Amino acid sequence: MEELDADDEEEDQVLPDLPGAEDVDQVRMRLAPNPNGPWHLGNARMPAVIGTYKELYDGWMLCRFDDTDPETKRPDLDAYDAIIDAIEYLGFAPDEIVRASDRLEIYYDHARELIDLGGAYTCSCPADQFSDLKNHGKACDHRDKDAETVRSEFDAMVDGEYDAGEMVLRVKTDIEHKNPALRDWVGFRMIDTPHPREAAAEYRCWPLLDFQSGVDDHLTGITHIIRGIDLQDSAKKQRFLYEYFGWEYPEVIHWGHVQLDEYDVALSTSTIKELVESGELDGWDDPRAPTIASLRRRGIRGEAIVDAMIELGTSASNVDLAMSAIYSHNRDLIDDETDRAFLVRDGDEHGGGAVERALRGGPDAGHPPVHPEHEDRGRREIPVEDGVLVEATDLPPEGERVWLKGYGCVRHTSDGFEYVGADLDVTREEDVDIVHWVPAADNVPVRLRTMDGDVDGYGEPGVGSYDAGEMLQFERVGFVRVDAAPTDAVERAVTYYAHN
RNA sequence: GCUCCGAUAGUGUAGUCCGGCCAAUCAUAUUGCCCUCUCGAGGCAAUGACCGGGGUUCAAAUCCCCGUCGGAGCACCA
């Protein structure tokens, strides 16, 4: 029997068809992160799009750490796991994980083969000198060396007999190519600094991305490369390599840069790293950091990020991703299952500060629903005791009434609030506002951490019983993730603001 | 300077390859109304775009040319 699992979710496939997908047995793609730090939000596009294509085409996905630069973009040993973790949080799992720094011998073998094919030469020109020649379409003397000499000099590179800057292996392309970027590019160079991974610490001769990635893509049977526009010329460089080896170059899609609104911090691993190290950010998960860890801590689901990334498509133009798109998807995902609670904010910025008013004449407690659309989930119990706190801007002028949500209508007098047994209709017909409140005594101090700084306030008693990781909606404030529940030692709950 | 890429409402996107059904899709955003014991959700409505100029054609968002603007590469970074 055919299974009838048909998720009738008729998903309006947002991503464009993958070119050439029908011509291959299996769509094989790779994520090729540089593990030089934890991921920022822009990095999420790679797994979001590639992972979604994998699902769409029943394909295969490799995660290959392109960690071949022990110096300038030095790998961060914690980033390898942090990146895998981020991919999983986004809802994807690589079929295989490799590190380029484990594969040096493979690159060396291919370099030797390329040398024998006459496709590469060792070159000791200083960089600026070669650049000068190249820009004028002129070859250097090293270009005509015989394969024998090149072989032995390359072996000497591998053996670490040169210092950084003394010798490189160039791939012979077309020194007069009309695009200067493609002329005889460097395939291998010497680096004195040991790689941070112990297994790779002895190597001194390192391939550059165009060589390493080109070889690996072929060896791992990649059929589709999807990456940023900054690597546009890379495909053109690598085609020379593929031609020497008689390989077929994969389909390639280049997308533009992503920018985010709402953040002051640039979407750049090195910038964020500096701010974290200098202490300007509390860490990679600081709410002000445009990182995956930050959104995660705020309770934004990976799926919401993926949905928003997918909507960007794969166009080559630069795009501005609106955080509101992520928030909107997240709200869709969590609204139905998130419990409601009251938070009265203190401080001038929001609500004008918490103000206390005595309350008399009414019931002992308010009972607003846990979720307005799900009466079956029960009602909260919020005692009023001797008084309540409301936000100053919610306080009506003396003599006027206000509706304490889940409790009832009260009149503001010089003595505080006086309960008036009114019908809910007054909120509709007589302009009585409905406001949130908490008991003046039996409440839970709450810190709300936001992109714009911390806000302190008071939560209703039940807030204290939520565990770290759970979501709440503070009514009329927004959705938050409980980051730390109150303990015997610390009576305050810490929450992170997600969105309204 | 050389080479390459891109340009549809505030944002993202569909349509562009194979010109007409596009007085331009959908989402988000903003605003208003309805509904609701939240400023959430839901419903309805409004706002809002084919970068400019030429050309081809009966007909151009779509094809051609010239500009303009934006981006990328020209590294012994990825």
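Here the structure is a predicted model, which means the values were calculated and not measured. A, B, ... follow the sequence lines: proteins, then strands. Residue 1 opens every chain.
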Quote, to the nearest angstrom, the P distance that separates B:G15 from B:U57.
29 Å

Please state whether the base of B:C77 and the side chain of A:K73 form at least one donor-acceptor pair under 3.5 Å?
yes

May I ask you to say what A:P369 touches in the nucleic acid, namely base, sugar-phosphate or nothing, with a heavy-atom cut-off under 4.0 Å?
nothing

Name the closest nucleotide to the A:S328 side chain, picking from B:G40, B:A29, B:C76.
B:A29

Rounded to the nearest angstrom, tell me the gap between atom CD in A:E311 and atom P in B:G10.
19 Å

By the 4.0 Å heavy-atom rule, please label A:T68 as base, sugar-phosphate, or nothing.
sugar-phosphate

Does the pair A:K405/A:D433 count as a salt bridge with the N-to-O cut at 4.0 Å?
no

Would you call A:E391 and A:R476 a salt bridge, taking side-chain N to carboxylate O under 4.0 Å as the test?
no

B:A41, B:U28, B:G12: which one has an atom nearest the side-chain heavy atoms of A:V319?
B:G12

Span that lies between the C1' atom of B:U8 and that of B:A75, in whole angstrom
37 Å

Rounded to whole angstrom, note down the P distance from B:C51 over to B:C77.
40 Å

On a whole-Å scale, what distance lies between the C1' atoms belonging to B:G48 and B:U11?
12 Å

Distances under 3.5 Å between nitrogen or oxygen atoms of protein and nucleotides 71-74 of chain B:
from, atom 1, to, atom 2, distance (Å)
B:G71, O2', A:N318, ND2, 3.4
B:A72, O2', A:I229, O, 3.4
B:G73, O2', A:D233, OD2, 2.8
B:C74, O3', A:K134, NZ, 2.9
B:C74, O2', A:K134, NZ, 2.6

